[in-house]
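Here the structure is laid out as structure tokens; the discussion comes afterwards.
A note on names: the letters A, B, ... follow the listed sequences, proteins ahead of strands, and every chain is numbered from 1. Everything numeric here is computed off the predicted structure, so don't read it as measured data.
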Amino acid sequence: MSKKSVPAERIRLVIDRPANTQGDYVLYWMIANRRTRSNYSLDRAIEWARLLGKPLVVFEALRAGYRWASDRIHAFVIEGMIENGKAFADSPVTWFPWLEPRPGEGKGLLKELARNACAVVSDDFPCFFLPQMIESAGRQLQVRFEVVDSNGMMPMRLTDRVFARAVDFRRYLQKEIGPWLEQRPVEQPLKNLKLPRLQGLPDRIAEKWPMTDLSGYQRSPEAFLATFPIDHSVPRVEHIRGGSSAARKQLARFVSDSMLGRYHEERNQPEQEVASGLSPWLHFGHLSIHDVFESVTGWKPWSTEKIASKATGSKEGWWGAAPEVEGFLDELITWRELGYNMCALEPRYDQYGSLPEWALATLDKHRRDRREWLYSLDEFTRGATHDPLWNAAQGQLVEEGRIHNYLRMLWGKKILEWTESPEQALEFMIELNNRYALDGRNPNSYSGIFWVLGRYDRPWGPERPIYGTIRYMTSDNTARKVRVKDYIRRYSKGESGEQGTLF
DNA sequence: ATCGGCTCGCGCAA
DNA sequence: TGCGCGAAGCCGAT
């Protein structure tokens, strides 16, 4: 093989068999890294196709029956698919887009595709229903089946250790990440790609599962989405478009004096638009972490030689980059990959019981404390609490599919305070976040939600009702610390009776 | 405005 | 074995 191969540490063998040289094609089942550039899974599939001298088929599907399927999620994924289709059209790769019309109709499709395949490659994503889907495919297919980790700068399964604190993970990264910064997936693997072309998919597949024509979406997104049995009450976010080019546009916007240059100082200010906003595209794999890393470290002159040699776990002076860059890299690498570490290695990552012992104990001790306010899931959903700042945060979530990082913490802390039990708080946070957030159903969402309940944190006195020694936050203090007046005004279209009179 | 205390557990120096 | 210190806080004292 001419190109540098995909690191073995990123490849997990689900079905260990030799490739079937009698197959008609190599199959890449694209489920998480939904992009045609800087994608180790695609590189791996191309490696196999080259080695075997076979065509490559990319099967990019979206199911209908999974939990929280909505116009919002469908639109974002479809917009990415349309772009992928254009990229593959100029290549010898056969791209097979498929949107499941009704839950269950896709049953058997992958198996049929795999019957003619030499080998199947897919994406190793550690969260939501994807791990179970891979496991299930592993029981059904009868062909070599590999999943590839293209999530982070570090392979997420390189260690067995689950890290309970960011500082420990940071220290681990400081020791181990060096070599992984020197390699990347192929930036444009389709460029000048030479592979045999497939004349067509087998008839039995084309007849039962015809490729989805996505042009209907381009003519009328709403009408197109209306044909799917998904949650139409969660509308698409029109100003955040799915797909790699929108992602790269946002990345270019962010890596600038006016955003990254102010990131360090103002990232906690909800009214200042200095956060990267990249998480939706990172979540759906429309954007590669390697592209982000290179853009950000290229903002000011920097090279890997500047990295400190001593692994102290400290945030300061690790990368040897500008403070703005250091601050962002700690989010992008330490915190992002910490979440992937948890999901990949802790099967109970979404279960209440996976919280640290001290947090479980203190929350349990206070579970019978009197609650001054209690709201139903419906009241939370509508942003109908007594607290205008909370309602605004919820309003932003429903309207834009995101909450400002800083207010997201307050949002969660108050849900803990205003529900009947910490388990119910967890359930409501997961429900609201996964339903409305474009970057929900992602390891980082679970980090944020579980942080509210003590994960990655430490006890803070004094012991209070409900919270115990879980870190406590109040809306009043938040409003004192950061400017929120315009934020509240901007997102208070909800139903709370108070906000109109307060501001 | 700034400071310490609240409280736990991990890595590392000793 | 002890020490320092940690994603973002809060509160009361100065």
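Taking atom C1' in both B/dG9 and C/dC10, the straight-line distance is 22 Å, to the nearest Å. As rounded to the nearest Å, C/dA7 and B/dC12 have P atoms that lie 15 Å from one another. Taking atom P in both C/dC3 and B/dG5, the straight-line distance is 15 Å, to the nearest Å. The P atoms of B/dT7 and C/dT1 are separated by 24 Å, rounded to the nearest whole Å. Between B/dG4 and C/dG4, the two P atoms lie 14 Å apart (nearest whole Å). Spacing between B/dG11 and C/dA8 at atom C1', rounded to whole Å, works out to 23 Å.
Using a 4.0 Å heavy-atom distance criterion, A/T474 is classed as a sugar-phosphate-only contact. In this structure, A/R161 reaches the sugar-phosphate backbone alone: every heavy-atom distance under 4.0 Å involves primed, P, OP1 or OP2 atoms, never a base. When heavy atoms are screened at a 4.0 angstrom cut-off, A/N268 is found touching base atoms of the nucleic acid. Here A/M473 lies in heavy-atom contact (under 4.0 Å) with sugar-phosphate atoms only. In this structure, A/E331 reaches the bases: a heavy-atom distance under 4.0 Å links it to at least one base atom across the strands shown.
Listed candidates were C/dC11, C/dA8, B/dC10. Nearest to the side chain of A/D168 is B/dC10. Listed nucleotides C/dA8, B/dC8, B/dC10 differ in distance to A/R165; the shortest reach to its side chain belongs to B/dC10. The side chain of A/W358 lies closest to B/dC8, out of C/dG9, B/dC8, C/dC11. Out of C/dA7, C/dA8, B/dG11, the shortest distance to the side chain of A/R171 is found at B/dG11.
Atom CG in A/D476 sits roughly 12 Å away from atom C1' in C/dC10 (whole-Å rounding). A/I470 has its CD1 atom 11 Å from the C1' atom of B/dC8, to the nearest Å. A/N444 has its CG atom 16 Å from the P atom of C/dA7, to the nearest Å. Look at CG on A/L453: it is 17 Å from C1' on B/dC8, rounded to the nearest Å. For the pair A/W460 CH2 and C/dG6 P, the interatomic distance rounds to 10 Å; values are reported in whole Å. A/W451 places its CH2 atom 16 Å from the P atom of C/dG6, with the value rounded to the nearest Å. In this structure, OH of A/Y263 is placed 11 Å from C1' of C/dA7, rounded to the nearest angstrom. Between the CG atom of A/L363 and the C1' atom of B/dT7 there is a distance of 14 Å, rounded to whole Å.
Residue A/N477 places no side-chain N or O under 4.0 Å from the OP1 or OP2 atom of C/dA8. In terms of phosphate contacts, A/K481 brings a side-chain nitrogen or oxygen within less than 4.0 Å of OP1 or OP2 of C/dC10. Between C/dA7 and A/R170, a contact under 4.0 Å exists linking OP1 or OP2 to a side-chain N or O. For A/Y456, no side-chain nitrogen or oxygen approaches OP1 or OP2 of B/dC10 to under 4.0 Å.
For the pair A/R165 (side chain) and A/Y456 (backbone), a donor-acceptor distance under 3.5 Å is absent. Not a single donor-acceptor pair under 3.5 Å links the side chain of A/E379 to the backbone N or O of A/A384. Listed for the A/E326 side chain is no donor-acceptor partner under 3.5 Å among the backbone atoms of A/E316. Formation of a donor-acceptor pair under 3.5 Å by the A/Q269 side chain with backbone atoms of A/E271 is not found in this model.
Rounded to the nearest 0.5 Å, atoms CD1 (A/I289) and CD (A/E337) are 6.0 Å apart.
Just one residue in the list A/R35, A/R248, A/R37 forms a salt bridge (Lys or Arg N to Asp or Glu O under 4.0 Å) with A/E187, and that residue is A/R37.
Between A/D330 and A/R267 there is no salt bridge, since no side-chain N of the basic residue sits under 4.0 Å from a carboxylate O of the acidic one. A salt bridge is absent between A/R10 and A/E146: the closest approach of a Lys/Arg side-chain nitrogen to an acidic carboxylate oxygen does not fall below 4.0 angstrom.
Residues A/L99 and A/I78 are in side-chain contact: their nearest non-hydrogen atoms beyond the backbone lie under 4.5 Å apart.
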Q. Tell me, what's DNA chain C's dot-bracket, Watson-Crick or G-U with both distances under 3.5 Å, | for other-strand, [ ] crossing?
A. ||||||..||||||

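Along DNA chain B, the nucleotide nearest A/G461 and the nucleotide nearest A/K310 are compared for position; the residue whose nucleotide lies closer to the 5' end is A/G461.
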